[in-house]
Amino acid sequence: MLSACLLLGFATAVAAQEEQGRISGRIVDEETARPLSLAQIAIPSLNTGTLSDVDGRWTLKAIPAGTYEVTARLIGYASKTVTGVLVAAGDAVTIDISLPPQAIEMNELSVTVADQRGTASAVLQNRQTAAAVTDAIGREQISDSPDSDAAAAMARVPGVSIVDKKFVFVRGLGERYGNTTLDGAVMPSPIADRKAVPLDLVPASFIENVSTSKSYLPRQPADYAGGLVQIETRKVPGENFFKVGLGTGMETATTGKSGLGYAGGGLDFLGIDDGLRALPDILPTDMPVNRRNLSSAELEAIGEAFAPGWAGTPQDLPFGRSGELAFATEVPLGSKDLGLLATAHWDDSWNRREGYVERVFASSGLADPEVDYGGDQSTRAVTLGGLLNMDFPLAPSHRISFNGLLNRVTEDQSRILEGFNLDSNTNQRNTRIQYVENSLVQGRLSGKHYFNALGGATAEWKAAYSRAGRYEPNTREVLYRESGGVFLWDNFIQSGSIFHQDLTEDAVNLNVDVQFPIRVNGQAGTIEVGAATLTRDRDVLSRRFRFIPNRSVASEVRSASPDQIFSPDNIGPGPRQFEIQEATFRPDNYVADQTTTGAYLMADFELVPRLRFAGGARIERSRQVVEPKDVFTMGVEPLTGAELDNTDIVPGATLTWAASDRVNLRAAASRTLARPEFRELAPFSFADFAGGYLVVGNPVLQRSRITNLDLRWEWFPRPGAVIAVSGFYKKFRDPIEEVVFPSSEFIKSWLNAGTANNIGTEFEVRSDLGFLSESLENFALNFNLTLVDSEVETGSVAQIFVPGSGPLEIDVVGQKRRLQGQSPYVINAGANWASSSGRTSVSLLFNRFGRRISQVGTQYLESVFEEGRDQFDLVVEQGIGSRITAKLSATNLFAADYRFTQAGDLLRGWQPGRAFSLGMTWQPTGNR
């Protein structure tokens, strides 16, 4: 609401500044794409000008409507005049200018404005001049897709596939071999048992561009192998604008269908629990809830104090809805202007898994499953977030910026599963409600400084604080067993249970990078030094409770609905009532911290004409500590924790041969790391669902070390077009694998395998069709294909952790198989048409990934595979008048199913249906 008030308050002020236009842009070195500071930008006919700042950015304000010539000059570079710059009243024109280095005087260059505009081609231009093997997509490409968040947008990048609609797999590697930064700061993950950040935390409307570094350079953190995903939020644009948008959506398997839901809190539509699901205030925090510590009356009061609601009930599922507000302006502060950009985003939608199946197969390989459940699952997903970016030039060569992001993604799930369970040799029914808030708060203060007196040295510093949270306050399960054709409540370990968890992880990221210009063989280059530290602190509070029958419970109570069984009338000390008891396990809670410090030295220069070298080495020390903690003082020996302390030197280098002005050949080599995550080290166990897996961490895990080799040929035939072929090879030592092995119950954990190899190739084509015919210049095509093959050898001995027994070496059946999460191929394709006015566009997008291992089996238990799936999406945008735009999106047009198999049999699956959304945006101020 505060964001909305600020946005509306600025709208009037912004609109009042529309009478005159402005020209802004960025000036860079034509050969290296490095920003040029203190360049002179002028309009001679108006006798006005300005200097570019430390990022090469510049703005000419209060320009009357008309057509102008813009000149750019800087000592050591050829001057350039851009002609035909048309400025309309209230418009902001963007021109990115590149200057060629020139040691001697030469005639001034003159180009038309069409040759200098930096729109869709800017991302490819940055890729062409990058020092590493990099792929990227920008805001313009994202706007042509139905993508609502960073994860969906990343699915369009070559070699990238998305798992569970939120986790990025690069080049077929699991998310553990990736890393993610937001505005240069490493993002912490709010997911307890996964390293990867769920990228659906970042709405697409917040994104300026997303790049993926597929080869490593020492200026980057060393903890990745597949790719470093770098998300840059929207920049202060140098123009005034105001925009408001509303949308709605539906899914064919969900909207209007009978799904599951329950009465929640009053703020659920915002994805915020209003306290209804919180632990009761009368609950003791210093002792377990049991008869030894509390009286029967106290136990009854505590049991009745928990929020009502135990299972989902049928309800018709509504349409989705969304809203967005955004504005940008400049506020005078003395002789300078403070640039402001703010956005707010809200989305409320429902999803139902039609034909939902959940099974468990025996380790002996029997065709019939031990657990064969089917049923219904409905999820309400709410996203609420805001972005605030500020930019202030202290002087033309000194700039400070602030980037703030707050976002929350809430999933409120109701599930009923029913079917045969071999343990009870009868049919069972399992109900569960689960409410999870994933949140991310990040603030980053940064500065960039250009020192002309030091030969043009540039220093950049960043200080970022992040907090990732996962709040699961009210997960409840009830189990029934069929007897005589009637389902009766069963006194099973998960039945009548309440699970509460509050996970927070704080991260402080400090970076400083200094770049010194040098000249080698008469060509410009740089020496770069830097240091960084990342501190992560995680705290996990978990409590478990169960309602235990005092004696046998009447059949009429056991056959009732979950809400009736655990109503206040049935809670108490009576012989046929239920009494609440503490069920928290000692390993349920832990604290963890990690400190990673690093420093690097690298150089970037031409060894010989057209052969560029970029490389050096980074030294990193990482210390990870996981300490289980007892919630209560028990007077017993503390549980064993885990500690990893490693210092590594990680070198990386890239050679780029510019065969021509439009063709590059790159070769890269590096050594990188993959460290285990806190959850993987913590001896914390929990069951996913009745009859399913027990998940256990492994405190004896070690880091993985990876050797990376990359080769890429790329041709940029014209602005906005690229044809590229890449090859890569990776050698893994001690890869960390998620495995499932049989014990008294199926256990899922993590272990270090022996060695692994990953080899593959990528093909990419992106271009408009103007080269075929002028009449086709409004059509554009893109296609990329990744082919990957991998092999991991697990060996015959595995070191695991068994709760109650500790570290244990077990004999296992040796395997040679693909890496977990590695798809043998990934295909992305798209076609786009845009009208000459830019007010109408149509995009058709396709994505497919190949069959990949979801969970690795051990002993004689087969691995679980996620089957390949086709995704077809259609997006149509249409301008209505001069200030309104409508966007219609249709996703999963072929209604492809989700299918997970084991030994060829369906293990888990559902039909998601097709999804459609319609959004309208009104932008009364600023460029469309």
Side-chain angles (χ1 to χ4, degrees), residues 130-134 159 169-181 186 195-196 212-230 511 513 527-534 594-604 612-624 644-656 666-677 701-712 726-737 752-760 788 790-793 819 822:
V133 177
T134 303
F169 281 39
V170 181
R171 288 178 164 175
L173 296 174
E175 76 267 10
R176 73 167 49 263
Y177 297 112
N179 209 338
T180 305
T181 64
V186 175
K195 173 187 176 182
T212 305
S213 293
K214 295 181 176 177
S215 66
Y216 165 77
L217 284 177
R219 67 165 68 101
Q220 300 163 337
D223 188 9
Y224 76 92
L228 175 66
V229 178
Q230 301 167 93
N511 297 72
D513 303 277
I527 295 290
E528 190 171 338
V529 296
T533 178
L534 171 63
Q594 178 180 12
T595 300
T596 304
T597 55
Y600 73 91
L601 171 66
M602 65 171 286
D604 185 356
R612 178 183 178 185
F613 168 85
R618 183 183 188 94
I619 183 170
E620 273 195 0
R621 182 192 176 189
S622 176
R623 183 174 182 268
Q624 294 172 271
L644 284 182
D645 192 346
N646 301 111
T647 300
D648 297 277
I649 296 177
V650 278
T654 302
L655 286 174
T656 303
R666 302 180 188 272
S670 62
R671 291 283 302 275
T672 54
L673 310 168
R675 300 184 179 100
E677 280 299 293
L701 283 176
Q702 297 297 315
R703 74 194 186 287
S704 304
R705 285 160 287 183
I706 307 103
T707 300
N708 311 278
L709 300 175
D710 289 88
L711 187 66
R712 170 176 283 185
S726 307
F728 57 90
Y729 171 77
K730 299 178 184 294
K731 177 77 172 181
F732 297 81
R733 181 179 175 185
D734 298 324
I736 300 172
E737 294 282 286
N752 289 109
T755 61
N757 298 286
N758 182 268
I759 187 169
V788 188
S790 66
E791 183 180 81
V792 58
E793 294 188 26
L819 280 163
Q822 181 259 307

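All values reported here derive from a predicted model rather than from experimental measurement.
In this structure, Asp513 does not pair ionically with Arg219, as no charged nitrogen and carboxylate oxygen lie closer than 4.0 Å. Residues Glu620 and Arg618 are paired through a salt bridge, judged by an N-O separation under 4.0 Å between the basic side chain and the carboxylate.
Arg703 pairs by the salt bridge (charged side-chain N to carboxylate O under 4.0 Å, His left out) definition with Asp648, not counting sequence neighbours. In terms of the ring-ring contact (aromatic ring centres under 6.0 Å, His included) criterion, Tyr600 has no residue partners (sequence neighbours excluded).
Between Thr533 atom OG1 and Asn511 atom CG the span is 9.0 Å, to the nearest 0.5 Å. Distance OG1/Thr707 to NZ/Lys730: 10.0 Å, rounded to 0.5 Å. With rounding to the nearest 0.5 angstrom, the OH atom of Tyr224 is 11.0 Å from the CD1 atom of Ile706. The line from CG of Leu601 to CD1 of Ile527 is 6.5 Å long, rounded to the nearest 0.5 Å. Atom OH in Tyr729 sits 9.5 Å away from atom CG in Asn758 (nearest 0.5 Å). For the atom pair Arg675 CZ and Leu701 CG, the distance stands at 14.0 Å (nearest 0.5 Å).
A donor-acceptor pair under 3.5 Å is absent between the side-chain atoms of Gln822 and the main chain of Glu791, judged by distance alone. In this structure a side-chain-to-backbone donor-acceptor pair under 3.5 Å is present from Asn752 to Asp734. Proximity of a side-chain donor or acceptor of Ser215 to a complementary backbone N or O of Val133 within less than 3.5 Å is detected.
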Intermediate values then yes/no, side chain to side chain contact (heavy atoms under 4.5 Å, CB included), Val788 and Ile759: CA-CA 6 Å; Val788 188; Ile759 187 169; over 6 Å; no
Val792 vs Thr755, side chain to side chain contact (heavy atoms under 4.5 Å, CB included): CA-CA, chis, key distance, verdict: CA-CA 6 Å; Val792 58; Thr755 61; over 6 Å; no
Derivation and outcome, salt bridge (Lys or Arg N to Asp or Glu O under 4.0 Å), residues Lys214 and Asp710: CA-CA 8 Å; Lys214 295 181 176 177; Asp710 289 88; over 6 Å; no
Evaluation steps, side chain to side chain contact (heavy atoms under 4.5 Å, CB included), between Asp645 and Arg621: CA-CA 7 Å; Asp645 192 346; Arg621 182 192 176 189; 2.6 Å; yes
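In this structure, Leu217 and Gly652 approach most closely via the heavy-atom pair CD2-O, 4.4 Å. The two residues Pro676 and Leu644 make their nearest non-hydrogen contact at CG-CD1, 3.4 Å. Closest approach of Gln702 to Ile736, counting heavy atoms only: O-CD1, 3.6 Å.
A heavy-atom distance below 4.5 Å is found between the side chains of Ile619 and Thr647. Residues Thr672 and Asp223 are not in side-chain contact: their nearest non-hydrogen atoms beyond the backbone lie 4.5 Å or more apart. Counting heavy atoms from C-beta on, the side chains of Thr181 and Leu228 come closer than 4.5 Å. Contact of the Ser704 side chain with the Leu673 side chain is not registered, since no non-hydrogen atoms from C-beta on lie closer than 4.5 Å.
Side-chain contact, Thr595 with Arg623: no donor N or O sits under 3.5 Å from an acceptor N or O. For the residue pair Arg712 and Ser726, a side-chain donor N or O sits within less than 3.5 Å of a side-chain acceptor on the partner. Donor-acceptor pairing under 3.5 Å is recorded for the side chains of Gln230 and Ser213. The closest side-chain donor-acceptor pair between Ser670 and Asn708 falls under 3.5 angstrom.
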